[in-house]
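In what follows, a single structure is set out as structure tokens and then discussed.
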Amino acid sequence: MIKRNLPFAAVAVVALVAAPLLLEPFRLGLLAKYLCYAIVALGIGLAWGQGGMLTLGQGVFFGLGGYSMAMYLKLTEAGPGGLPDFMVWSGVEELPALWVPFANPVFALGMAILAPVALAVLLGTLVFRQRVRGAYFAILTQALAAALVILLVGQQGLTGGTNGMTNFFELFGQDLAEDSTQRGLYLVVAGVLGVLYLATRQLVNSRYGRLLVAVRDGEDRVRFLGYDPALVKTVTFAISAGMAGLAGALFVPVVGIISPALLGVVPSLELVVAVAVGGRHALAGAVLGAVVMGYAKTAFSEQFADGWLYLQGALFILVMTLAPKGIVGLAGRLRRARTT
């Protein structure tokens, strides 16, 4: 057990101790951004890798969490009785009733998690009871992401429209422009990811985790044994949605913006690709894939402004060709080859 935990402990030490000391504030902020995506990827790894549910709409849950946090930050900036800047520019004269509760940070943080969970429970109950799965479920979640983007873009005075929300200056009394605040945010994101990873791994290794894998590999057999596959899948889907919502709430103060462009179909697909690159059947692979793809996207865009998308696509094709089980699968194969 100790040997199995050594890799995690080593990575945790590097993430929590070495990174803030070695990286400049800008790069540390980028790493925090990648780790936010890694939290979403961890949820996808649970739902897809362990449960067989290919979800192409995690951007929906990420966006719900992000907008919940953004609403609180904008109300804090506006002050008592004030309106967020984009509402003033849009001609809104009175704060919409939907926004009022988000002035409370506890409510905002709670909704960042509970709203995605509630939506996932509703969707899962409706879909899995009808035994919708496979490509049909994937297309449904993708359509949900597209619908949310259309809704957000069309509500300029309520959501900021295409531009979304930005210009966040303060979080719980701390100046977001200060390096110390960003360093603290990084530590929070890294700590949350570590806790969620350990909790998810414990869940996967439990009896419930084995039941989830059984549902993935033989749903009808599990049903004949007296279990309810729809309930198992709904709970897992809700957990992954809650992770995405929490990641969105952390993403907003780290990056300083939330907009429809960050949570539509394409960003959701990129997260699934990242999980596939890392290795969807291993939780560590999902996290690794998100960080690797995030870093590759930044590095390619900095060095090859005109063709970085092609390079990112080539990276995906290369990994999938040489290592269908992702980076983690390739590492395992190399380790076995070395010991034989």
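We use all heavy atoms of the structure for the numbers below, so side chains are in, but hydrogens, waters and symmetry mates are not.
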What one should report as the nearest heavy-atom pair of Gly57 and Ala145 is CA-CB, 4.1 Å

Check: Gly294 main-chain N/O paired with Thr298 side-chain donor or acceptor under 3.5 Å: yes

Using ring pair (Phe, Tyr, Trp, His ring centres under 6.0 Å) as the criterion, list what pairs up with Tyr72, not counting sequence neighbours. Phe172

Could you go step by step and tell me if Leu185 and Leu171 meet the side-chain contact (heavy atoms from CB on, under 4.5 Å) rule? CA-CA 10 Å; Leu185 283 172; Leu171 175 66; 3.7 Å; yes

Heavy-atom check, side chain of Val255 versus side chain of Leu262, under 4.5 Å: no

By the salt bridge (charged side-chain N to carboxylate O under 4.0 Å, His left out) test, which pairs, at least two apart or in different chains, include something from residues 228-248? Arg129-Asp228, Glu219-Lys233

Are Leu73 and Ile257 linked, directly or through other ILVMFWY residues, by side chains that come within less than 4.5 angstrom of each other? yes

Roughly how far, to the nearest 0.5 Å, is CG of Leu211 from CZ of Arg216? 12.0 Å

Minimum heavy-atom distance Ala70-Phe168, with the two atoms named: CB-CZ, 3.7 Å

Any donor-acceptor pair under 3.5 Å linking the side chain of Tyr136 with the backbone of Arg131? no

side-chain contact (heavy atoms from CB on, under 4.5 Å) test vs Leu35 passes for just one of Val189, Leu250, Val192, namely Val189

Of all heavy-atom pairs linking Ala290 and Ala41, the shortest is CB-CB, 3.8 Å

CD1/Ile39 to CG/Leu42 distance, rounded to the nearest 0.5 angstrom? 8.0 Å

Ile113: partners by side-chain contact (heavy atoms from CB on, under 4.5 Å), with sequence neighbours left out: Val117, Leu246

Can Leu152 be reached from Val266 by stepping across I, L, V, M, F, W or Y side chains whose heavy atoms are under 4.5 Å apart? no

Side chain of Ser206, backbone of Leu203: donor and acceptor closer than 3.5 Å? yes

Inter-residue atom distance Tyr34.OH - Met293.CE, 0.5 Å rounding: 11.5 Å

Qualifying side chain to side chain donor-acceptor pair (under 3.5 Å) pairs with a residue from residues 248-259, counting only residues at least two apart or across chains: none

Test of understanding: clusters of I, L, V, M, F, W, Y form through side-chain heavy atoms closer than 4.5 Å, transitively. Do Leu98 and Phe86 belong to the same one? yes

Show the numbers, then the answer: is there a side-chain contact (heavy atoms from CB on, under 4.5 Å) between Thr200 and Ile239? CA-CA 9 Å; Thr200 306; Ile239 292 173; 5.8 Å; no

In the structure I gave you, are the side-chain heavy atoms of Tyr186 and Leu23 within less than 4.5 Å of one another anywhere? no

With sequence neighbours excluded, give me every salt bridge (charged side-chain N to carboxylate O under 4.0 Å, His left out) pair touching residues 167-178. none

For Ala284, is there any backbone N or O sitting under 3.5 Å from a side-chain donor or acceptor partner on Arg201? no

Measuring from Phe61:CZ to Leu148:CG, what's the distance to the nearest 0.5 Å? 10.0 Å

Hey, are the side chains of Pro25 and Gln182 touching, using non-hydrogen atoms and a 4.5 Å cut-off? no

Inter-residue atom distance Lys297.NZ - Leu30.CG, 0.5 Å rounding: 12.0 Å

Give every residue pair that meets the salt bridge (charged side-chain N to carboxylate O under 4.0 Å, His left out) criterion with at least one member in residues 46-67, sequence neighbours excluded. none

For residues Leu123 and Leu140, determine if any side-chain heavy atom of one lies less than 4.5 Å from a side-chain heavy atom of the other. yes

Side chain to side chain donor-acceptor pair (under 3.5 Å) partners of residues 92-114, not counting sequence neighbours, each pair once: none

If you look at every heavy atom in Ala112 and Ala249, which pair is closest and at what distance? CB-CB, 3.8 Å

Taking every heavy atom of Ala38 against every heavy atom of Val291, the minimum-distance pair comes out as CB-CG2, 4.4 Å

If I take atom CG from residue Leu271 and atom CG from residue Leu263, how far apart are they, to the nearest 0.5 angstrom? 11.0 Å

Close side-chain approach of Val121 and Val235, heavy atoms under 4.5 Å: no

Looking at Phe169, I want to see if its CZ is surrounded by more than 12 non-hydrogen atoms of other residues, nucleotides or ligands under 6.0 Å. yes

Residue pairs passing the side chain to side chain donor-acceptor pair (under 3.5 Å) test where at least one lies in residues 49-69, sequence neighbours excluded: Thr55-Gln58

Residue pairs involving residues 62-82 (criterion salt bridge (charged side-chain N to carboxylate O under 4.0 Å, His left out); sequence neighbours excluded): Lys74-Glu77, Lys74-Asp85

Using the rule that Ile, Leu, Val, Met, Phe, Trp and Tyr join whenever any side-chain heavy atoms are under 4.5 Å apart, tell me whether Leu64 and Ile150 fall into a single cluster. no

Looking only at heavy atoms, what is the nearest atom pair of Ala241 and Pro116, with distance? O-CB, 3.4 Å

According to a hydrophobic-cluster definition based on side-chain heavy atoms being under 4.5 Å apart (Ile, Leu, Val, Met, Phe, Trp, Tyr only), do Val254 and Phe26 belong together? yes

Tracing side-chain links under 4.5 Å among I, L, V, M, F, W and Y, which residues wind up in one group with Leu126? Leu122

Keeping to residues at least two apart or across chains, list the side chain to side chain donor-acceptor pair (under 3.5 Å) pairs with something in residues 159-168. none

Phe137 meets the ring pair (Phe, Tyr, Trp, His ring centres under 6.0 Å) criterion, sequence neighbours left out, with Phe128, Phe237

Are there over 12 heavy-atom neighbours, none belonging to Tyr227, within less than 6.0 Å of that residue's OH? no

Test your reading of the model: is there a side-chain donor-acceptor pair from Ser268 to the backbone of Gly59, 3.5 Å cut-off? yes

Quick check: does any side chain N or O of Gln142 sit under 3.5 Å from a backbone N or O of Val265, one acting as donor and the other as acceptor? no

